[in-house]
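The structure appears below as structure tokens.
Here the structure is a predicted model, which means the values were calculated and not measured.
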Amino acid sequence: MKTIVITSQKGGSGKTTLAAHLAVEAERSGDGAAWLIDTDQQATLTTWHDRREAETPALFEVALPRLPQALAQMETEGAAYCFIDTAPAHSEQNKGVIQLADLVLIPVRPSPADLWAVSSTVELVKDAGKPLLFIITQAKPQASITAQAIAALSQHGRVAQAFIADRVPYAVAITGGRTAPEISPRSPAAEEIAALWQDVKSCFNESSKEAKRKRSVANG
């Protein structure tokens, strides 16, 4: 099982939207069972799940001290992915969650305020020695600030080729316990989420290749 933590010190960056959409997309794509864990006291992801009519993805309610045991249980029960939403804070709680990640997703809006705030999140992830992927959210596709944000972030880590545009269907879907591709399967939003999920999965493929390369070097 792969544990994917979505984190950002900046509020409103789109963490919950990403967690919900990617978990649903993982199952829609046939990549296995996906679970969700909400560690944010605001519980927005939990509220989304409560409003959801579909049975999947499942939400695992667990106290933070028992998070490692919960992940082990999910894996035993056949989960392929677990997506963990976090609070918008630079905290010991988030440090502990990041330590459990196989991959950390950092959503960033293309704005000066968000770019200024991302450094502390990057520091947390790099201190934990975890791979990260920046994801541009609420973007204006043709705006120069989007390209500038990608250029700035790429100096600190990989940036997903697919980004989440500023589209009304995302907010509408989350409010109703659904995702944008579920509401409109052939929409631009559906294409964005499908492409983004491929970007996320490719991070695991690259990690496997790098591990094999290191083993090969070590063995001479």
Report summary line: Residues at least two apart in sequence or cross-chain that pass side-chain contact (heavy atoms from CB on, under 4.5 Å) with T179, listed by chain then number, are H21, V24, W48, P181, E182

Requested in this report: Can you see which heavy atom on T44 is nearest to which on D38, and at what distance?
Outcome: N-OD2, 3.8 Å

Query raised in the report: Backbone N or O of V118 within a donor-acceptor pair of the E123 side chain at under 3.5 Å?
Result: no

Query raised in the report: Between Y81 and E27, is any pair of side-chain heavy atoms under 4.5 Å apart?
Result: no

Report summary line: Shortest non-hydrogen pair, D199 vs R158, comes out as O-NH2, 3.8 Å

**Report entry** Qualifying residues under side-chain contact (heavy atoms from CB on, under 4.5 Å), relative to A54, sequence neighbours excluded
**Finding:** R52

Requested in this report: Say whether, by atom type as modelled, one donor and one acceptor occur between the side chain of T86 and the main chain of I6 under 3.5 angstrom.
Outcome: yes

**Report entry** Enclosure of Q69 CD (heavy-atom neighbours >12, cutoff 6.0 Å)
**Finding:** yes

Query raised in the report: Do any N or O atoms from the side chain of D31 and from the backbone of A80 form a donor-acceptor pair under 3.5 angstrom?
Result: no

Report summary line: Of all heavy-atom pairs linking T175 and R51, the shortest is O-NH1, 2.9 Å

Report summary line: Which of V125, D127, L132 passes side chain to side chain contact (heavy atoms under 4.5 Å, CB included) with I98? It is V125

Requested in this report: Please name the pair of heavy atoms, one in A173 and one in A180, separated by the smallest distance, quoted to 0.1 Å.
Outcome: CB-N, 3.4 Å

Report task. Give a yes or no on whether Q198 atom CD has more than 12 heavy-atom contacts from other residues, nucleotides or ligands under 6.0 Å away. Result -> yes

Query raised in the report: Which atom names give the shortest non-hydrogen contact between P131 and D102, and what distance separates them?
Result: CG-O, 3.1 Å

Got a list of side-chain donor-acceptor pairs under 3.5 Å for residues 149-156, not counting sequence neighbours?
from: S154; atom 1: OG; to: I150; atom 2: O; distance (Å): 3.3
from: S154; atom 1: OG; to: A151; atom 2: O; distance (Å): 2.8

Query raised in the report: With side chains defined as the heavy atoms from C-beta onward, is the minimum distance between T137 and T17 less than 4.5 Å?
Result: no

Report task. Among L22, T7, L196, find the residue that satisfies the side chain to side chain contact (heavy atoms under 4.5 Å, CB included) test when tested with L105. Result -> L22

Requested in this report: List the steps, then state whether salt bridge (Lys or Arg N to Asp or Glu O under 4.0 Å) holds for R178 with E53.
Outcome: CA-CA 8 Å; R178 302 176 70 188; E53 295 181 2; over 6 Å; no

**Report entry** E77, CD: over 12 other non-hydrogen atoms inside 6.0 angstrom
**Finding:** yes

Query raised in the report: Taking 4.0 angstrom as the limit, do E192 and R167 come out as a salt bridge?
Result: yes

Query raised in the report: Do V104 and I4 touch side chain to side chain, with heavy atoms closer than 4.5 Å?
Result: no

Query raised in the report: Would you find a donor on one side and an acceptor on the other, under 3.5 Å apart, between the side chain of K15 and the backbone of D85?
Result: no

Query - Separation between NZ of K130 and CG of L124, rounded to the nearest 0.5 Å - result: 13.0 Å

Query raised in the report: Sub-3.5 Å donor-acceptor pair from the side chain of E75 to the main-chain atoms of M1, do we have one?
Result: yes

